[in-house]
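Chain identifiers are assigned alphabetically (A, B, ...) following the order of the sequence lines, protein sequences preceding nucleic acid strands; residue numbering begins at 1 within each chain.
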Amino acid sequence: MSSSSPRDDGRFARELRETLEERCVDRALFGDQLSLDEKRDATALAFDTDACIEEFERIAAELDLCDLAREASRERGRTQIPHTLSARLEDMATSFAPTSSAQRMQFDRPRTQRQRKLDWFSAAACVAFGAGATLAVLRLTPPFQQTVRAPQSIGSVDPVDFLKSHPDAVHWPWAGTDDSHVAARVDGEAYFDAASGDGLLVIEGLAPNDPTQEQYQLWIFDKSRDARYPVDGGVFDVDAARVALPIAARLPVSEPMMFAVTVERPGGAVVSDRRIALLAKP
Amino acid sequence: MSEEPSILERVAAGDPGAPSECIARFSGLVWSLARRLCPSAAEAEDAVQEIFIDLWKSAPRFDASIASETTFVAMIARRRLIDRGRRRARRPEVPQIAETVADPRERLDFTEANEQQRLAKNAFDQLRPEQQQVLQLAIHHGCSHEQIATATGMPLGTVKTHARRGLIKIRQILAEQGVLSQQDLSRASGEAREGLS
């Protein structure tokens, strides 16, 4: 077995750190997500990718503002917002009500132009099942007892360990919808091993929920089942910026094709007609 | 003498009038960013609404010692617009044209570049011309790697290299000028120590 010298280790760490910085630039400028391997490397190096990304975002914003200031002096009319938007923003501001203890904001989210034309739920269903599908709601076959699970810290449910122990597991990144529970930056993945039925959710960017008012519910779409009847993955709460929790499907899932997280009443739903917050698919 | 809390600090503290003030102060800036990075006025309107929601949610994270309010607003707005752009790229969409009757109220509070912005621009001016070109297209026009490669005729890998090295160089220049925050400097010195080990 060969052993590297401390000098080699130092150089390797420095090169890895430089690579991570470059990937942070990619995120800040182009929205590229860091891969699981890169996140693992960052953890090993104690490299704060979020802070690095924000630093580059800040520089980009400052450069942009310089340019905007010049532009604004040339074409002032373009900075005037439309009347209709102005009115909608004022409505939003009026209905915005912060709950400071948990820094959780609740407000009546206005329907966007896209939503006015096509409800997000139908849109997500169309994305998943093709334009010919007529799915309007998520349905479960029998009414299952729902279980609430407490979220666990990322340290106790490690996706790297999960993939080591489940090498055939699928893992797909989350994409946020326009739902108000979803932050600007969504991170994390859904992991699922069909052979064992084991899975793992890692989510960053979902707002903390008040379990007395609403809960999140996971749905697993199985290629071998009727697409109108996704498998219930259980309900869960979010009480931290980043959560990791095991998936416990109520039925066997032989070929997962998509995961969805919806916002439901406490205890979850048997038939969901509410909002999709997150989607994960290949 | 204690300074008055900023608009974002008041939003974070739950001041009921602060969201409206936030709109009055920053909607011109957000609208300008959205119009430049969205393909249609209709999409820009949706984006502006999303951005303000994000901004209010993110208000507790605002730290005046790291960035000005204007920079923080632009950061949040740009992040949301970049993410929307990526989603749009995966979702073919028919361009929309909406009526945009301008609100006559002037909202141009951002037109005065602050000292940090000027220093960032000075650092940008020190980059190689090809790095400036790539960053200009990425930052001001919201172009993807592929779009920049097409526009400039550079190979994709070269575009990535110029973007990365250019922005990292700007950060280095700003750090040398003492512009970056204490947090940034602490991290930079930690990296330097590790580099020497």
Problem - Qualifying residues under side chain to side chain donor-acceptor pair (under 3.5 Å), relative to B/Q126, sequence neighbours excluded - result: none
Exercise for the section: Name the region of B/L135, side chain, backbone, both or neither, that has any atom closer than 4.5 Å to a heavy atom of chain A. Expected result: side chain
Problem - B/E69 bridged to B/R25 by N-O distance under 4.0 Å - result: yes
Practice task
Could you tell me whether A/R27 and A/E57 have a side-chain N and a carboxylate O separated by less than 4.0 Å?
Solution key: no
Handout entry: Heavy-atom proximity to chain A below 4.5 Å, by part of B/Q136
Key = side chain
Exercise for the section: Counting only heavy atoms closer than 4.5 Å, note whether A/A60 contacts chain B via side chain, backbone, both or neither. Expected result: both
Problem - Shortest non-hydrogen contact between B/A18 and B/I7, atoms and distance - result: O-CG2, 3.8 Å
Handout entry: Top contributor to chain A interface from B/R78, B/K121, B/R165 [non-hydrogen pairs under 4.5 Å]
Key = B/R78
Completion exercise
Assert top hit (heavy-atom pairs under 4.5 Å, partner chain A, pool B/T161, B/I170, B/I51, B/D83) equals B/D83
Exercise for the section: Using non-hydrogen atoms and a 4.5 Å limit, figure out which bit of A/D26 sits close to chain B: side chain, backbone, both or neither. Expected result: side chain
Exercise for the section: Report the C-alpha distance between B/Q116 and B/S68 in whole Å, list the side-chain angles of each, state the deciding distance to 0.1 Å, and finish with yes or no for side-chain contact (heavy atoms from CB on, under 4.5 Å). Expected result: CA-CA 9 Å; B/Q116 284 200 340; B/S68 69; 5.8 Å; no
Practice task
Show your reasoning for whether salt bridge (charged side-chain N to carboxylate O under 4.0 Å, His left out) applies to B/R84 and B/E43.
Solution key: CA-CA 10 Å; B/R84 280 182 70 98; B/E43 179 153 348; 3.6 Å; yes
Practice task
Could I get the full list of side-chain contact (heavy atoms from CB on, under 4.5 Å) partners for A/E18, not counting sequence neighbours?
Solution key: A/R14
Fill in the blank from the handout: Applying a strict 4.5 Å limit to non-hydrogen atoms, the region of A/V186 in contact with chain B is neither
Practice task
Heavy-atom distances under 4.5 Å only: say whether B/C143 touches chain A with side chain, backbone, both or neither.
Solution key: backbone
Problem - Contact class of B/I148 relative to chain A, heavy atoms under 4.5 angstrom - result: side chain
